[in-house]
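Comments concern the structure below.
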Amino acid sequence: MAEYNPSVIEPKWQQYWEEHKIDQTDDEGGKKYYVLEMFPYPSGRLHMGHVRNYAIGDVLARFLRMRGYNVLHPMGWDAFGLPAENAAIKNNVHPAAWTYSNIEAMKKQQKAMGISYDWQREIATCDPDYYKWTQWLFLLLYKRGLAYKKHAAVNWCPNCSTVLANEQVEDGGCWRCGAEVTLKDLEQWFFRITDYAERLLEDLKLLSGWPERVCTMQENWIGKSEGVEVRFKVKDGTDEIPVFTTRPDTLYGVTYLVLAAEHPLVEKLTAGTEQEAAVRAFVEKTKKLNEVDRTSTEMVKEGVFTGAYCLNPVNGEEVPILVGNYVLMGYGTGAVMGVPAHDQRDFEFAQKYNLPLRVVITPPGQELTADALTEAYVDDGLLINSAQFTGETSEAAKKKIAAYLAANNWGEAKVTYRLRDWLISRQRYWGAPIPILYCEQCGTVPVPEEQLPVILPEDVTFQAGGQSPLAVHEEFLSAVCPQCGGQARRETDTMDTFIDSSWYYFRYTDPHNAELPFTKAKGDAWVPVDQYIGGIEHAILHLLYSRFITKVLYDAGYTAAVEPFTRLLAQGMVNKDGAKMSKSKGNVVSPDEIIEKFGADTVRLFILFAAPPEKDLDWSDRGVEGSYRFLKRVWRLVDRYAAVLQRAGEQQAEADKSDQEMRRAVHTALKKVTEDIEERFNFNTAISSIMEAVNAAYSYMHEKEDNVHPGIMKEALEILVLMLAPFAPHLGEELWQRLGHQPSVHLQSWPTFDHTALQVAEVEIVVQINGKVRDHLMVPTGLTREALQELALASEKIAQQVQDKQIVKVIAVPDKLVNVVVR
RNA sequence: GCGAGAGUGGUGGAAUGGCAGACACGCUAGAUUCAGGAUCUAGUGGGCAGUACGCUCGUGGGGGUUCAAAUCCCCCCUCUCGCACCA
């Protein structure tokens with residue numbers, strides 16, 4: 001009797017699968033299913049989060065193949081990024097060398113896990129064959145007017161020495177290193193994602209296969225709000241100040257106007273006035289505040305009078321213009337109208353600076369006076385003090401005032417989004433160069449497509465100061481202008497790595513194409529991804545960018561997909577002792593060690609068994625041992641009967657009761673496992689059903705010893721092995737062979753359960769009195785309500801307890817229960 | 001503050017209106033063994049009982065709907081995540 005020895009069988013089957021190209025996908029054949037796990041950054045080591053991610057994807061991929069789908073299950077590397085560059089500076093290795101050796105190490109780990117990837121489709125975003133098409137994508141956006149350069153106050157991470165997109169600032173810190181982000185005035189490249197704001201919002205409705213919270217987060221991030229833009233004329237001047245408001249019904253309550261510190265009119269309005277010095281000091285002070293303090297709700301609202309006034313278009317009233325620290329230049333128009341009676345922020349501000357309040361909205365049936373207010377009345381109501389709109393409801397007035405403004409050319413209805421354009425240039429080396437030239441004659445010129453890729457030079461020297469080595473690389477810098485043939489200079493910024501990952505799922509469909517990023521036929525054959533699996537941390541970033549890029553490709557006719565990912569599974573984290581695994585806490589569990597000790601099958605099984613995929617999972621060494629024990633238990637079961645079963649079919653004995661029970665147990669498990677994987681993704685309960693079937697087989701074995709029914713035992717073991725194969729692929733393969741079959745178990749059809757095996761002659765029902773269980777009865781299956789009721793009332797225990805009471809009602813549920821209601 | 005999710009034995013978790021705690025970990029006992037480990041078998045929510053396999057309590061707290069609630073509804077508490085002066 002051989003022992004279960006994963007360290008022998010796992011490498012053996014991995015090699016077999018590779019040699020026999022079991023995991024390669026053809027573009028033709030069967031109904032397609034695209035399973036994708038988010039590709040990793042090649043840090044050099046897999047962590048348990050990766051292991052979980054790939055285990056989930058692999059069970060699905062293997063299961064669906066057995067269900068007859070043509071499954072695409074590729075893997076690649078999000079290989080550009082700062083850590084490579086930091087490692088280069090610190091250890092004096094080239095980022096490319098560092099990255100590729102990390103890729104090798106991680107690939108080895110993935111192979112050791114037995115994940116069924118089609119390695120022929122492997123991609124790395126730092127490969128010129130890949131980033132050529134990332135650059136092509138940039139040019140596509142450029143041609144379509146979606147890539148532009150502008151001067152703006154942008155987020156700067158001093159630690160990473162580069163700028164960041166809005167999405168990449170978390171809590172005022174850099175998403176990668178956490179350093180406090182400051183604002184810098186720089187000229188930078190942007191993608192016009194705001195042009196797609198409405199579609200990105202609207203199409204969330206198509207994503208019924210996504211977790212609702214991810215859609216909600218995207219919805220909040222896009223932040224649509226509908227209102228009007230009103231133009232206030234500056235008194236004694238020609239300038240106009242546009243103001244965005246969602247409450248045009250409060251327009252008659254405006255008593256002042258506030259500009260953001262960065263508002264272009266601030267300087268103009270105060271130049272040469274006696275307010276100039278005070279305003280300038282205030283602006284300086286406000287600009288110095290970092291983003292966190294600036295947008296914190298706890299911040300004290302402060303402001304200063306500019307000395308200027310403007311005119312409320314609807315009533316011609318003069319209102320003072322102030323500069324305030326609570327108005328953001330980045331949202332709306334950078335100017336707000338102050339309605340202290342009906343906006344809490346304005347109320348606080350007005351109290352502090354003694355600005356007047358005017359009530360223009362009253363709650364229905366109530367009087368409201370300015371003096372009586374202790375806080376703003378922010379709800380809808382009826383208009384007062386509002387000329388011809390007095391008496392209207394807020395709802396009606398919003399529309400009527402908007403129309404009135406439009407008719408007089410004082411403003412118009414407008415929709416504003418919180419979403420900002422995507423800042424995509426990075427002042428770093430290890431990324432795809434932006435394919436742009438600056439010509440003295442022609443200005444900004446895109447690199448012609450046939451000249452792609454713009455190769456990232458390898459002979460660079462890194463400087464401690466963090467300046468990109470491209471900026472001082474003469475050979476890279478100098479270029480010939482494709483338009484005039486004159487001297488030109490290359491853009492030295494590289495692209496945000498989120499661009500690399502925003503289209504990689506298309507490249508897998510046609511990874512070796514030298515003419516195009518992918519052909520439409522191949523892209524359309526696979527995209528959208530049917531099931532995408534990854535961490536929740538990309539709820540906005542990667543997932544929003546990918547949706548945007550897919551829509552651009554759709555508009556340009558390169559894909560028929562409107563959305564890239566049909567279903568999304570946001571997996572939970574892998575923790576240890578209730579806390580995130582981290583070096584500083586010293587609670588990191590290394591996948592390598594566990595695989596070495598127990599084998600990949602055990603790790604996969606444990607991680608899928610310990611919790612449903614979307615929940616956080618606490619790592620337990622004991623639990624892992626339990627999974628190992630289970631696999632050994634299966635091994636012994638098959639080992640004991642494999643020989644016996646070679647004789648199966650010789651004598652087909654009549655099946656007795658316990659034989660039939662064995663068969664029922666296996667088919668019941670099969671039904672449950674199939675449903676749990678296919679419909680609910682509940683791998684934990686699928687595995688527990690397999691365990692139950694194994695337990696049933698042990699009981700059967702004890703009862704029958706060597707007199708098991710060969711046909712039934714054979715079928716039971718085969719079904720068990722087939723069910724286990726997606727979870728523990730190596731053991732599945734080994735046992736399949738030991739049962740006398742040819743490999744590969746992974747090319748077998750998923751078994752179908754036999755309805756007749758599930759049928760039972762008798763079923764245990766529960767008899768309740770007033771909802772409390774009082775008896776259990778074995779009754780023939782399929783009894784009618786009436787028959788069931790009769791049997792229940794005839795039961796000794798029930799009859800006894802009911803005899804001196806009045807039966808009010810009897811509820812009978814066939815094959816389940818009877819509830820007798822008594823008084 | 002707003003939004004979303006969660007709260008079930010000693011532990012991970014199961015049950016989505018019909019016997020709460022499947023499955024597993026841990027623990028207890030027995031078998032096997034020189035011993036340990038491994039393995040197999042049985043037991044394992046609390047209380048009361050005491051061999052009647054019975055009563056009773058029990059799914060964060062309180063209330064409600066229902067013949068029947070972990071599950072549906074209302075209020076409250078706690079935790080996690082996301083957003084947060086967005087005009």
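Quick note on labels: first sequence line is chain A, next is B, and so on, each numbered from 1.
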Closest approach of A:A260 to A:L328 (non-hydrogen atoms, all atoms of both residues) = CB-C, 4.0 Å
Quote, to the nearest angstrom, the [atom1] distance that separates [N] from [M].
N	M	atom1	result
B:rG47	B:rA29	C1'	23 Å
B:rG10	B:rG17	P	28 Å
B:rA24	B:rC76	P	42 Å
B:rA15	B:rC72	P	14 Å
B:rU65	B:rC55	P	27 Å
B:rG60	B:rC23	P	22 Å
B:rG13	B:rA84	C1'	35 Å
B:rG62	B:rC67	P	23 Å

Which of the following nucleotides, [options], is nearest to the side chain of [X]?
X	options	value
A:R774	B:rC55, B:rA15, B:rA38	B:rC55
A:M691	B:rA14, B:rA24, B:rG26	B:rA24
A:R636	B:rG13, B:rU39, B:rC67	B:rU39
A:V773	B:rG3, B:rC86, B:rC19	B:rC19
A:S688	B:rC23, B:rC19, B:rG13	B:rC23
A:R418	B:rG18, B:rG13, B:rC83	B:rC83
A:A610	B:rG12, B:rA14, B:rC86	B:rG12
A:S225	B:rA15, B:rA87, B:rG13	B:rA87

Does [X] reach a base, just sugar-phosphate, or nothing at all? Heavy atoms under 4.0 Å.
X	result
A:N695	sugar-phosphate
A:E212	nothing
A:N819	base
A:F609	base
A:R622	sugar-phosphate
A:G223	nothing
A:S620	nothing
A:R345	base
A:E625	nothing
A:R420	nothing
A:V766	base
A:H702	sugar-phosphate

N or O in side chain of [X] less than 4.0 angstrom from [N] OP1/OP2:
X	N	result
A:N684	B:rA14	yes
A:R629	B:rC40	no
A:R633	B:rA38	no

If we call it a pair only when both distances are under 3.5 Å in a Watson-Crick or G-U wobble match, what pairs with [N]?
N	result
B:rC67	B:rG18
B:rG58	none
B:rG10	B:rC25
B:rG36	none
B:rU51	none
B:rA4	B:rU80

Just say parallel, tilted or perpendicular for the rings of A:W635 and A:Y4, cut-offs at 30° and 60°.
-> tilted
What is the distance, rounded to the nearest whole Å, between atom [atom1] of [X] and atom [atom2] of [N]?
X	N	atom1	atom2	value
A:L608	B:rA24	CG	C1'	14 Å
A:D621	B:rC25	CG	P	14 Å
A:E375	B:rG1	CD	C1'	13 Å
A:M573	B:rC81	CE	P	8 Å
A:K772	B:rA68	NZ	P	11 Å
A:K414	B:rA87	NZ	P	13 Å
A:E170	B:rC83	CD	P	7 Å
A:E692	B:rA14	CD	P	14 Å

Anti versus syn assignment for B:rG43, with syn defined as within 90° of 0 | anti
Hey, would you say the A:F349 and A:Y256 ring centroids sit under 6.0 Å apart?
-> yes
Proximity of A:W619 and A:F606 rings by center, below 6.0 Å | yes
How many angstroms lie between atom CG of A:D421 and atom OG1 of A:T194, to the nearest 0.5 angstrom?
-> 3.5 Å
Nearest-0.5 Å distance, CG of residue A:L357 to CG of residue A:D346 = 9.5 Å
Check the side chains of A:Y417 and A:E198 for a donor-acceptor pair under 3.5 angstrom, ignoring hydrogens and angles.
-> yes
Does the B:rC19 base have a donor-acceptor partner in the side chain of A:E764 within less than 3.5 Å?
-> yes
Ion pair present between A:K224 and A:E219, side-chain N to carboxylate O less than 4.0 angstrom?
-> no
Salt bridge check: are A:E675 and A:K671 linked by an N-O gap of less than 4.0 Å?
-> yes
